[in-house]
Amino acid sequence: MQRSLKRSFLRIFASGMSISYQYNFNEIESKWQKHWKDSQLYKVIENPSKPKFYALDMFPYPSGAGLHVGHPLGYIASDIVSRFKRLNGFNVLHPMGYDAFGLPAEQYAIQTGQHPAVTTEQNILRFREQLDKMGFCFDWDRQVKTCDMGYYKWTQWIFTLFFKHWYNKNSQKAEKIADLILYFEGNGNLDINAHSGKATIFTAHEWSQFNTIQKEEILNHYRLAFIDETTVNWCEVMGTVLANEEVVNGVSERGGYPVVRKKMKQWSLRITAYADKLLDGLDTIQWSDSIKEIQKNWIGRSEGAEIDFNIEGHSSKIKVFTTRPDTLFGATFMVIAPESELVNSICSESQKSEVLAYAEKAKNRSEIERMVDTKKSGIFTGAYAINPFTKKPIPVWVSDYVLAGYGTGAIMAVPAHDERDFEFAKAFQLDIIPVIKPENAELALPLNEAFSAKDGVCFNSEFLDGLQVKSAIKKAIEEVEKLNIGTKKVNYKLREAGFGRQRYWGEPFPIVFNDSVPQLVNELPVELPKVESYKPTGTGESPLAAVENWVNTPMGKRETDTMPGWAGSSWYFLRYMDPNNNETFASKESLEYWNQVDLYVGGSEHATGHLLYSRFWTKFLNDLGYISWDEPFKRLVNQGMIMGEDGQKMSKRWGNVVNPDDVCEKYGADTLRLYEMFLGPLTDSKPWNTNGIEGVSRFLGKFWRLFFQNETFTVSNDEPSADEFKILHKTIKKVTEDIESMSFNTSVSAFMVCVNELGTLKCNKKAILEPLLMLLAPFAPHITEELWEALGINESIHKAEWPKFNNEYLIENSFNYPISINGKTRTQLEFPIDADIKEIEASVLSNEIVLKWTNGQAPKKVIVVKNRIVNVVI
RNA sequence: GCUCGGGUGGCGGAAUAGGUAGACGCGCAGGACUUAAAAUCCUGUUGGCAGUAAUGCCAGUACGGGUUCGAUUCCCGUCCCGAGCACCA
């Protein structure tokens with residue numbers, strides 16, 4: 001009695017108001033959200049005395065549907081890391097904004113006539129309201145919206161940089177077009193090693209004779225932003241060009257109208273200049289293997305040779321790309337793409353009408369037809385090429401299995417060693433001559449499939465006979481180069497990035513045309529004008545084309561296409577560093593301080609779009625010296641999808657959408673945050689489970705009640721016991737490690753274990769609960785702040801210092817060994833931590849359960865792994 | 001077809017420099033408190049067999065092999081699921 005009276009109890013009343021035994025999360029959360037906002041707790045300013053950490057979420061497109069519980073998953077994870085880093089002494093940049101240009105807002109405008117700016121703003125307000133309820137530590141002063149003029153001014157500015165630069169393969173850098181022109185004036189272009197289009201060779205004198213239009217045509221081949229003839233998805237019924245995602249299975253997503261491929265002139269960015277850098281850079285960043293793999297495949301680098309084939313009776317040649325020059329002796333025919341210019345020029349008179357008819361039909365084949373019908377089709381041109389090694393004439397065919405856009409649009413066909421060529425040869429009874437066989441075996445002839453393996457030996461191949469494929473490739477290229485008919489060559493699947501959209505709701509180009517010569521507009525921004533109608537013009541031009549007083553300027557006619565959705569998102573991570581700067585896209589100092597994004601969280605669906613383009617723009621800006629690094633995102637984590645309770649994708653269509661507002665209302669934001677983390681590993685897809693949230697909700701209730709006795713807030717100043725310290729430090733260790741490895745589900749579990757154990761011990765000691773509050777603060781910022789205040793601490797818990805882990809509390813003096821017989825655990829025995837192995841062995845062998853198994857026999861072997869396990873082999 | 005992931009209780013998932021499989025939570029069953037309910041707390045919960053019970057034995061991490069004293073973890077083969085690419089020469 002005397003002792004218990006002597007125990008000192010602290011009874012603390014937060015700011016004169018007693019803290020309720022009931023955990024009123026709604027009250028607590030709105031109280032602190034307001035408080036944090038008023039006190040600008042999350043305001044971030046550059047502070048060179050502190051190390052920085054940049055945690056970024058992929059900014060959302062503000063759709064009309066609002067957020068469902070799947071959207072904030074990644075935001076919660078990055079929020080936890082941000083808060084954790086801040087508590088560990090980092091100055092953390094954790095911003096949010098909106099990817100606000102795009103199709104859905106425009107579609108909505110077409111239907112309702114409401115200006116996209118208006119509906120976008122409404123949607124943003126709704127998003128903001130939802131985000132605010134979840135207690136994120138975003139610095140909203142740094143918000144960016146890609147559709148703001150103050151933002152897209154700089155998107156346009158970056159475009160002007162692309163326009164004003166070319167890629168020099170010698171320096172491996174983008175350089176000024178102005179300098180290139182100076183060079184042309186003095187030297188022509190013979191010695192320029194550029195990543196460019198097909199520019200013809202000219203001398204300095206010839207250059208001086210070209211007129212402005214001719215000069216621009218040439219420069220267009222060099223510019224990194226250039227006008228290109230590209231294939232677009234044209235929907236005749238809708239009278240508009242469609243984006244790839246608007247075309248599903250060859251028909252328009254809306255209405256299901258047929259879509260054809262149509263050539264059109266539009267802006268492109270010369271991303272292929274950066275193909276190698278984009279590939280090599282992957283080795284320097286911490287991204288998931290799958291995303292790296294997707295980008296690798298997308299870039300699709302392959303090494304081989306380009307070889308010219310003479311055509312009998314023609315002066316022109318057929319240039320082909322092949323990765324297997326070692327099989328040249330087996331090339332028995334050639335195939336050119338239907339789009340190839342050679343189709344018309346080489347085919348014999350007798351074949352002409354048939355060939356042209358085939359080519360025409362193949363060119364217009366829709367995607368859907370191509371997908372359904374993979375049988376080989378083709379037609380003989382009547383022309384023969386000469387195999388440069390065998391000197392034999394081989395027929396030239398046209399077929400749509402050869403793609404115009406890859407390599408040279410023509411191939412040498414080696415049916416014996418390529419499956420597609422084999423199929424074609426079978427269909428049209430063409431010669432199949434094997435030239436590679438397995439190392440220690442003969443090929444079974446006649447072949448019933450192509451032998452395409454790359455580990456084999458050449459035969460039937462004169463000077464290549466007996467060589468392994470790898471060395472034969474080398475030798476064949478040497479020979480081709482000696483004969484002056486070809487050269488070593490690297491090819492990429494990566495296409496130039498189409499940069500024009502025939503749409504209204506996007507960034508206007510800072511371009512006017514004067515006699516078809518594009519010129520930069522110097523005054524930025526070029527403002528997006530208001531229009532009467534958002535409907536497609538039917539001509540394939542954007543609705544801007546109808547705004548005559550905007551299109552026609554004293555300088556010339558404006559470009560009426562707008563930039564694609566990915567323009568604004570390719571550099572937004574830089575703007576957050578200095579979002580309100582009117583002088584430059586971001587100041588040198590802020591760029592240098594915040595530097596690369598340390599952690600980027602977002603969906604994997606952007607693997608070949610946004611994530612590739614951002615890397616491209618970063619490398620380009622690095623070339624120009626605007627930024628000092630050449631990869632934007634050091635570490636990338638792709639959160640998984642949260643599916644509906646029925647296991648299907650969460651969507652209005654299935655009626656399985658869970659709204660985070662409702663969850664916050666019913667359980668509180670802290671519970672929502674904790675539950676989303678507890679569901680499973682961040683990167684996995686997993687279904688939502690309404691029952692599951694109860695468990696997390698109960699946990700927070702238990703946690704809250706640790707601070708109460710007899711329904712009164714009561715925390716003791718007593719010194720904790722060894723057990724209590726052990727529980728705390730075990731949790732510090734686990735949670736710290738788990739946050740670093742982004743294993744949030746297991747840290748929530750560690751909290752539950754900790755609270756269960758402290759509950760059993762009825763521990764209410766300040767020395768334990770105070771550090772525990774800090775551990776939980778990144779996950780559940782409101783409840784911890786409330787209890788922190790109740791402990792009488794004035795400064796916010798989110799400005800505190802992360803608890804230090806002390807291993808001494810975890811040191812045990814004994815270990816409970818699992819004792820197994822033949823690998824199966826049969827009992828357990830406790831031994832001192834430093835017990836002698838011999839003693840353990842002797843003691844184990846005399847144990848009665850072990851004796852039962854050994855049955856008096858001496859064991860074959862006894863394995864003792866110190867402080868791990870004992871295994872007795874009998 | 002090719003490439004990359006992944007298959008663990010009724011469910012979400014823990015545990016891999018090889019060392020007690022199923023942490024934590026849900027669900028379910030039983031119990032305490034209550035006139036009752038809610039809330040809260042306690043106990044049990046991989047399957048099979050045996051036993052009144054404590055408990056014991058057998059099987060078990062998609063399937064079949066292998067390496068090892070010991071395999072969810074490493075190796076080989078098969079099946080299934082998911083994602084990406086898809087005539088790229």
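Letters go in sequence order (proteins before strands), and every chain restarts at 1.
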Subject >> C1' atoms of B/C11 and B/U3, separation to the nearest Å >> reply: 32 Å

Subject >> A/Asp400 side chain, from C-beta outward: closest of B/C87, B/C41, B/G13 >> reply: B/C87

Subject >> Among B/U20, B/A89, B/G12, the nucleotide that comes nearest once only the side chain of A/Lys686 is considered >> reply: B/G12

**OP:** Could you check which of B/C24, B/C58, B/U40 has an atom nearest any side-chain atom of A/Arg705?
**Re:** B/U40

Original post:
Taking atom types as they are modelled, is there a donor-acceptor pair under 3.5 Å from the base of B/U3 to the side chain of A/Glu293?
Top reply: no

Subject >> Nucleotide of B/G25, B/U20, B/A23 approaching A/Pro818 most closely (side-chain heavy atoms) >> reply: B/U20

**OP:** State which of B/C26, B/C69, B/C41 makes the closest approach to the side chain of A/Arg698.
**Re:** B/C26

Original post:
Which nucleotide in the set B/C85, B/C57, B/C24 lies at the smallest distance from any side-chain heavy atom of A/Lys852?
Top reply: B/C57

Original post:
Paired stems touching RNA chain B, three or more consecutive Watson-Crick or G-U pairs with both distances under 3.5 Å?
Top reply: B:1-7 with B:79-85, B:10-12 with B:24-26, B:27-32 with B:40-45, B:46-50 with B:55-59, B:62-66 with B:74-78

Original post:
Any donor-acceptor pair under 3.5 Å between the side chain of A/Asn871 and the base of B/C69?
Top reply: yes

Original post:
Under 4.0 Å between a side-chain N/O of A/Ser302 and OP1 or OP2 of B/A89, yes or no?
Top reply: yes

**OP:** Answer yes or no: side-chain N or O of A/Lys376 and base N or O of B/C87 forming a donor-acceptor pair under 3.5 Å.
**Re:** yes

Original post:
What does A/Lys824 touch in the nucleic acid at a heavy-atom separation under 4.0 angstrom: a base, only the sugar-phosphate, or nothing?
Top reply: sugar-phosphate

Subject >> Pair A/Glu694, A/Tyr667: side-chain N/O donor-acceptor within cut-off below 3.5 Å >> reply: yes

Original post:
Hey, is the side chain of A/Arg826 poking within less than 4.0 Å of OP1 or OP2 on B/C58, counting only N and O atoms?
Top reply: yes

**OP:** Please tell me which of the listed nucleotides, B/G25, B/G13, B/C24, lies nearest to the side chain of A/Lys702?
**Re:** B/G25

Subject >> Selected nucleotide, minimal atom distance to A/Val865 side chain, candidates B/C85, B/G25, B/G19 >> reply: B/G19

**OP:** Can you figure out which of B/G13, B/C87, B/C26 approaches the side chain of A/Tyr401 most closely?
**Re:** B/C87

Original post:
Of the candidate nucleotides B/C4, B/A89, B/G27, which contains the atom at the shortest distance from the side chain of A/Asn691?
Top reply: B/G27

Original post:
Counting any heavy atom closer than 4.0 Å, what does A/Gln828 reach on the DNA or RNA strands: base, sugar-phosphate only, or nothing?
Top reply: base

